[in-house]
Amino acid sequence: MLAILGLLVLGLGIGQRTVWLPPATVTATVGDTVAAAPLTVISPEVLATADGKFTLTIKSAGPIQLAVGQQADISGWVGDAAHTTVTGANGDFSALTTESKTGAETVPNPAGSDMWVSEEKATGELSYTWESPGHGDWALLLSSDGTAPAPTDISLTKTNDTATPWAVPLMIIGSVLLALAALMLWVAPRKPQVATAGRRTAGKAPSDPATGAMAVAKIVAAKENAGNDGAPTQHSTISALHSAEREAIAGHSDPESTGADRDDTPVHPGAAASLPTGVFDAVTAEVASGEVVGEVAGAEESPAEGTDAPEDDSKNDPDNTPDGPSGNGTGLDNDSSGGQEGKPAEGADTSPAKGKGAGRKPRKPRNPGKAEFSLPPATDGPPARTPGKMMGMSVKAMSVKARWGAALTAILLAGSMGPAVAEDATPSTAPETAASATPSATASAPAKAQKAGFPTLLESQVQRIATSVATAVATGDNAKNATELDSRVAGLALASRAANYKIRSTVDTEAAPQPVNSSRLLARVVPTTLTWPRTAMFVTQGENNPLPQLLTLVQNSPREQYKLVTASPLLPGQTFPAVDKEGSASVPLDSATGLLMSPKDAVAGLSDSLITADSKWKASFKESVYTTDVAAYQAKTLEDSKDATVVFTHKADDKLTFAMRTADGGAMVVVGYTFSVDSTPKQDAKVNVPSPAAAALAGGQESATGVVVGFAEPVVMYIPPTADGQVTIVSATRDLISAAFK
């Protein structure tokens, strides 16, 4: 029963991993009743399905565009446009739930936005494998081209929950039960068959080889000396002879036999020590015919006459306890009368037993054709071991500790099979798909909310934006056409290059502006703010840049690209402040918390110190190449304009002023100054235009009414987090952008 129970339990465990194992994947789809809209959004809740690992299959009659971005970026780009949001799945994961919102029926094509981490395009069908990039809330934006309806035939396939927590325990329990059943079968003692009248226990051989020989001698003696007078008894029939033999065997084998139960006929002298060859032949012949009934097949071979008897193993067997008072296990006390081994005690009744089995018909052998009794030939070697001997060691001879050790080993071996079977039955992962692209970020479970400090631009986006800006600038520089810059350049950077292109069209000696490169990206400062406008800074250097350049880019709205607004070289001897690689938070311009001064005060103080000789702000700024150059330029202009009144101004453009936190708690401030030189001639005098470049922009060399010359003067300064430091000018430049007569 224990083995049957083990098989059932083991079968249940294996069945849970095979026959009853759920399907490896399940699929949920969007219904057919979704309203048409130019955009479809896959929400962060859907992207968190199956721990952020699944496959999307998108079908459409036209083009399919898929963009991966942060939720705030996609929500900002969608804005007030009509769109469908896939919000989740139903309970049994057979359908995806959706939500539709009305709004603008057409939008610009979202393809190519700087906010997308990656994009996929296809026609007809797109298979996309999503794998969560880590922290941050992500979403997917599906579209056709901004005008046609976005795809809504969407199905999500995930790995099914095929967990079978009871499979391995059931397999282990079943294996243990089977091992216990086998162990019980192995260690259980074999119960001897109860001896019937005239027959010894089946399969149990005498422990003493001499006793086995005595049994044979008694059979022979029963034949030759059956009579009380010692003369051979004549039997009229074969049956009578066999009956006498059985009585003789019964008299020897029955341990309970006493002198009252046995015949007084003595055993033939010397029969136990030596038997005639003819006797063996007679016995063997009768055994082959199946007539002899005695069972001593397990008896060990008795030693031949004249040889030394081998040591009896049974005497050293701790489990071979005596069956009778004599301790020899046969019921025959060989030593109690002081007689020699193999000879009957004096006065013992050795005649064949009478009344036990007399007149009984000969029993047929249990296995026809196979002898139930045989006597192996005598040999000079050691006695053959009994079937109970295994690997040179008797099962009975094993100690209790050894048996329990073997049992424990069998149980452990059986139990170790369970996990191996379970491991082999583990289902495969989700199927591979044709297209796969995910943001590069730390692999972990999707976050529930936007984490503070998470950058709005990843490394791949930074490189892509820098390359796009550099390409647009190079195209404009080569063509000397400012319209080529409109897609990627704005602010002071656009004004400087547009003026340079105009000047160079008439003045051959005018130098070209510093090129913008993206081949070497030395540093980056990316925002963590989720609102617009957003500001980023890249530090690059190319072969034609004698000094690294600080590029300031601004994204004014979600549907606009990042544009270069200022470009200035890193001043000699300056180092770029360290920033957090996870992004830099913006600093309010009027906040001085943890800073030497607020960004607003720093901008105003620098302007005043540049034009006022005794400015109270001079001590707050370290002397630099920039401040020295500005002072020298203004002094020379005054010297060259003795017949004019000159006014200098350094005015900051609030739209081009940004402050971002550095790694040490300080602030880096980018400010777009416009440096203006306003010259008004004195009475009856004229003002000369300061340079051929300015004359090219103003359209003449001199003016009686005056002239105003403007320069783009982007500056990057560092405000330390200590109260006793000084503001450092990190980067600055001055480019002519305008000249006009009054």
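Residue numbers run from 1 in the order of the sequence given. Heavy atoms only: backbone and side chains are in, while hydrogens, waters and symmetry mates are out.
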Does any non-hydrogen side-chain atom of [Y] lie less than 4.5 Å from one of [X]?
X    : Y    : value
E459 : L521 : yes
T475 : E484 : yes
V68  : Y128 : yes
T528 : T456 : no
K53  : T159 : no
L570 : V539 : no
M717 : V671 : yes
Y562 : R534 : yes

Main chain of [Y], side chain of [X]: is a donor-acceptor contact present, judged purely on distance under 3.5 Å?
X    : Y    : value
S113 : M115 : yes
D601 : M597 : no
R488 : K563 : no
Y501 : D477 : yes
T40  : P151 : yes
S505 : K502 : yes
N545 : P515 : yes
S60  : I64  : no
Q561 : D114 : yes
T97  : G88  : yes

Query raised in the report: Would V46 and S43 satisfy side chain to side chain contact (heavy atoms under 4.5 Å, CB included), going step by step from the backbone distance to the final call?
Result: CA-CA 5 Å; V46 175; S43 68; 3.5 Å; yes
Once you round to the nearest 0.5 Å, how far does [atom1] of [X] lie from [atom2] of [Y]?
X    : Y    : atom1 : atom2 : result
Q71  : L140 : CD    : CG    : 11.5 Å
R497 : K480 : CZ    : NZ    : 13.5 Å
M660 : D580 : CE    : CG    : 11.0 Å
W116 : Q65  : CH2   : CD    : 11.0 Å
K59  : E125 : NZ    : CD    : 5.0 Å
L177 : I172 : CG    : CD1   : 12.0 Å

Query raised in the report: Given M668 and V579, is the side chain to side chain contact (heavy atoms under 4.5 Å, CB included) satisfied, shown in steps?
Result: CA-CA 9 Å; M668 190 160 46; V579 294; 4.2 Å; yes
Query - Verdict with reasoning, V117 to Q461, per side chain to side chain contact (heavy atoms under 4.5 Å, CB included) - result: CA-CA 6 Å; V117 176; Q461 293 172 276; 3.7 Å; yes
State, to 0.1 Å, how close [X] and [Y] come at their nearest heavy-atom pair, and which atoms those are.
X    : Y    : result
A67  : I74  : O-CD1, 4.4 Å
L142 : A150 : O-CB, 3.5 Å
A139 : P44  : CB-CD, 4.4 Å
S144 : A148 : OG-CB, 3.7 Å
P133 : W138 : CG-NE1, 3.1 Å
S94  : D92  : OG-OD1, 2.8 Å

Cut-off 3.5 Å, side chains only: do [X] and [Y] have a donor facing an acceptor?
X    : Y    : answer
D664 : T662 : yes
T566 : T552 : yes
T87  : T85  : no
S568 : S731 : yes

Query raised in the report: Parallel, tilted or perpendicular: which describes the rings of F54 and W130, with under 30° parallel and over 60° perpendicular?
Result: tilted
Query raised in the report: Can you check side chain to side chain contact (heavy atoms under 4.5 Å, CB included) on L156 and T49, steps first, answer last?
Result: CA-CA 9 Å; L156 188 154; T49 301; 4.3 Å; yes
Requested in this report: Find out whether the Lys NZ or Arg CZ of K158 is both under 6.0 angstrom from the six-membered ring centre of F93 and within 45° of the ring's axis.
Outcome: yes
**Report entry** Residue N90 excluded, over 12 heavy atoms near CG under 6.0 Å
**Finding:** yes
